[in-house]
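The structure appears right after this line, and notes come after that.
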Amino acid sequence: MRPIVTRFAPSPTGHLHVGGARTALFCWAFARRLGGRFMIRIEDTDQARSSDESARGILEDLAWLGLSWDDGPVLKRTGAGGEAEAIGAGSRAVGPYFQAQRLAIYNAYIEHLVGAGLAYPAFESGAELEARRKAVVALKQTYRYQRPADIVPGVVSEARWARARAGESHVVRFVSPAGEVLVKDSVLGDVRIAAGELDDFVVRKADGFPTYHFAVVIDDELMGVTHVLRAQEHLINTPKHVALQAGLTRLIDDADASKGSTGVRFTTPVYGHLPLICNPDGSKMSKRDKAKAARKFLKDQMGKDAGLTAAAVAAKIKLDEKMVADFVAGEIDAVEVATAVAGAYGLSLPEIDVWDYRASGYLPGVVMNYLSLLGWSTGQKNADGTDVDRFELGFIAANFSVERIGKKEARFDRAKLLAFNADVLGKMPDEEFLRTWLRWLAVHEPSVHRGLVGADRAGGGKDGGAGGGSASTPFTHEQLLWLVQAVKPRAKTLADGQRAIGFALVDDGAVVFDVGAVAKVLRGASAPASKDAAPSGRTGLDVLRLAAAELRGAQSPDQSGHWKSELIEMGSLPVGPAGLPVSLPAGVSVSLPAGLPAGLPAGLDSLIAGLAQREGLAIGGVAQPLRVALCGSTVSPGLGHCLAILGPARALARVARCLKEFDG
RNA sequence: GGCCCCGUCGUCCAGCGGCUAGGACGCGACCCUUUCAAGGUUGAGACACGGGUUCGAUUCCCGUCGGGGUCACCA
């Protein structure tokens, strides 16, 4: 038996999108499960649209997702742990893995096909065919290329080749078989395409490049691909591939047809067509969706504002006017226009590329987990009766099977992905979260990264100077962990983190006090009293003064700029109903989670609770005014964390400023 | 329009002739609570329709309807 080989064969015409990522995942998992090889091939036969940057980006995305390939282009990169890796370095010698470098091979096989009378040059121009197609469609009939009357299957058309050799521009078409074509599909079952449905499709374009259909068939055969898993949109192409395989035999020399054929027929790989991934509205999720969204936005805006012309838009987004006009007219779907429009007008584009999810702060493992569930399931149950649906990449590799691939198209549910991501983030140990978060911030939010760890961390010395002041207060590792604790339950993605800790990133003198919060909490009616106490009759500002004194007293007496250490011990005690620590019976102790410098946030919370109790106030009566003074609003992480993160100096400075601003 | 594929809660999956049709996300309620989150408990919610086959259909067959894909010198 031949060793199992699967392949993922993207065309480098943009980013890797989630549908492609799932296809790659399934191919990878299938190969891993069965001990086969997973291969990457770059299908760059579209000269106009392919680019090396795109190919590189797609490989990067695959690597980020954790999919490594055994065969294919070599990608040198730095792994998640900072180590250098070279994916694809152990490839079999069946390359090159870029189709544009395999032209000699395709030509040899085309020549071979021609010699067998199974391919012929055709001279119609694109415009000519287009006109014919339009005419047929106008009559509501199905357009198919009509085989020229002089073509006889199995007979070489010398007259046509004479024209071609004379330099006349031409394509090469395949002489399609007359009978029914059967496609055996491991997901869908048998699919039959009736005789006559296949027309003589093009196998070599006028520019000398093979078409997709031809190149795939040749490469899959020559590269030993045994199993092809691809999206269902390709199902309709498969008869073409099967027909080609039936007409082709292996050459003695793959790059030279004149050496003759071995007579060995091409093998048809096992096909499996995956259900499509769709938008919430049920349409196919495609890279063109970004263009669609941007176009709709522009049209709406132009409809509202007559002054907004293509020229005006072009000027604003700094792109060619004609390009913008074509874009709006729907002539082109250029992503760069869509992206530029989104950037300039604050429009958010649908997230469809793997890169989009990277930038939004999703974890690669979660993306893979979620994607695997689109069209596949484990069929396994947990002990508690729930489905097995949360797992890592390795689990997919160990459990994948084609039998469990579904047939129905799946709609992409952003909310569910988000929930999965939040779940994993929430369960991540603090240290790991911190590493992951900082790594993400360094790439996607460098200024926040600088605000957290300082500007000169990543080498290069202190020369970055321009920004000066605001980046001057990097946090200690301990404070960073408290930041993480504040962020974790509030972040569904890594990008959510900054929002939760915005208060800590802003300079003490720049805290913006929310008008509504000030009115309600600081100046409003009396601060809420504790349950059995009489109404306090004191405003939030009154309470804030008390709190300020309390905080002053909580500073470390050694002037070290820390909170006093007793708070840490206080924070290690169990908390009673009033929010205050309960003293432990002799001999009993509580153990804190290992390695956590915790205690302090809890101790600070207790400090607030203690103040509230002494003053006959509800905890909120103290907490809310303090929260506004510290963070500017009534929404923030737990107060203990806020105080711990800021430290006494910053906290007191903020309270003082607030008092100065609103008191009297 | 031709051809092809598909059809279980709003969404994603489980079910492979007999089940109180299960789980996840979302949604509702309640609890917890110093704000926002998080967490806990709990509830509502589906076999598209019509014919067969069968003692018995969500499950098998046919049709209808509905959804999607595809009809290029793009892949």
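In what follows, chains carry the letters A, B, and so on, assigned in the order in which the sequence lines appear, proteins first and then strands, with residues in each chain numbered from 1.
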Does the structure show a Watson-Crick or G-U wobble partner for [N], both distances under 3.5 Å? Name it, or say none.
N	result
B:rG17	none
B:rC71	B:rG1
B:rU59	none
B:rC30	B:rG40
B:rG66	B:rC6

Task: 5'-most by nearest nucleotide on RNA chain B - A:Pro489 or A:Gly406 - done: A:Gly406
Task: Comparing A:Arg204 and A:Thr634 on RNA chain B - which has the more 5′ nearest nucleotide - done: A:Thr634
Out of [options], which nucleotide sits closest to the side chain of [X]?
X	options	answer
A:Val171	B:rC13, B:rG69, B:rC73	B:rC73
A:Ala419	B:rC25, B:rA24, B:rA72	B:rC25
A:Val202	B:rC12, B:rC73, B:rU70	B:rC73
A:Val635	B:rG69, B:rU35, B:rC25	B:rU35
A:Asp387	B:rG68, B:rC13, B:rA72	B:rC13
A:Tyr143	B:rA14, B:rU35, B:rA72	B:rA72
A:Leu129	B:rA14, B:rC73, B:rG69	B:rC73
A:Arg173	B:rC73, B:rA24, B:rG1	B:rC73
A:Glu43	B:rA75, B:rC4, B:rG69	B:rA75
A:Ala410	B:rG69, B:rA24, B:rC12	B:rC12

Hey, are [Y] and [X] close enough side-chain-wise for a donor-acceptor pair under 3.5 Å?
X	Y	value
A:Asp387	A:Gln380	no
A:Ser636	A:Arg627	yes
A:Asn107	A:Arg204	yes
A:Thr238	A:His273	yes
A:His170	A:Tyr120	no

Between [N] atom [atom2] and [X] atom [atom1], what is the distance in whole Å?
X	N	atom1	atom2	value
A:Asp430	B:rA38	CG	C1'	14 Å
A:Leu274	B:rC13	CG	P	12 Å
A:Gln99	B:rC74	CD	C1'	13 Å
A:His234	B:rC5	NE2	C1'	15 Å

Open item on the list: A quick test of your reading: do over 12 heavy atoms of other residues, nucleotides or ligands sit less than 6.0 Å from CG of A:Asp52?
Closed with: no
- [ ] Could you tell me whether a side-chain N or O of A:Lys488 sits under 3.5 Å from a main-chain N or O of A:Met428, the two making a donor and an acceptor?
- [x] yes
Task: Heavy-atom donor-acceptor pair, A:Asn369 side chain to A:Phe391 backbone, under 3.5 Å - done: yes
Can you check the distance between [N] and [M], where both ends of the measurement are the [atom1] atom (answer in whole Å)?
N	M	atom1	value
B:rA57	B:rA21	P	15 Å
B:rA44	B:rG2	P	45 Å
B:rU42	B:rC32	C1'	15 Å
B:rU58	B:rC13	C1'	15 Å
B:rA72	B:rU54	P	47 Å
B:rU20	B:rC4	C1'	40 Å
B:rC6	B:rC60	P	12 Å
B:rC16	B:rU59	P	13 Å

Tell me whether the side-chain N/O atoms of [X] come closer than 4.0 Å to OP1 or OP2 in [N].
X	N	result
A:Lys205	B:rA75	yes
A:Ser377	B:rA14	yes
A:Lys408	B:rU8	yes
A:Arg41	B:rA75	no
A:Arg411	B:rG26	no
A:Arg144	B:rU70	no
A:Arg49	B:rA75	no
A:Ser633	B:rU35	no

Is any N or O donor-acceptor pair between the side chain of [X] and the base of [N] shorter than 3.5 Å?
X	N	answer
A:Arg490	B:rC36	yes
A:Lys407	B:rC6	no
A:Asn382	B:rG23	no

By the 4.0 Å heavy-atom rule, please label [X] as base, sugar-phosphate, or nothing.
X	answer
A:Pro10	nothing
A:Asn237	base
A:Gly379	nothing
A:Ser372	nothing
A:Phe420	sugar-phosphate
A:Ser636	base

Open item on the list: side chain to side chain donor-acceptor pair (under 3.5 Å) for A:Asp219 and A:Tyr97? Distances and angles first, verdict last.
Closed with: CA-CA 9 Å; A:Asp219 288 345; A:Tyr97 293 95; over 6 Å; no
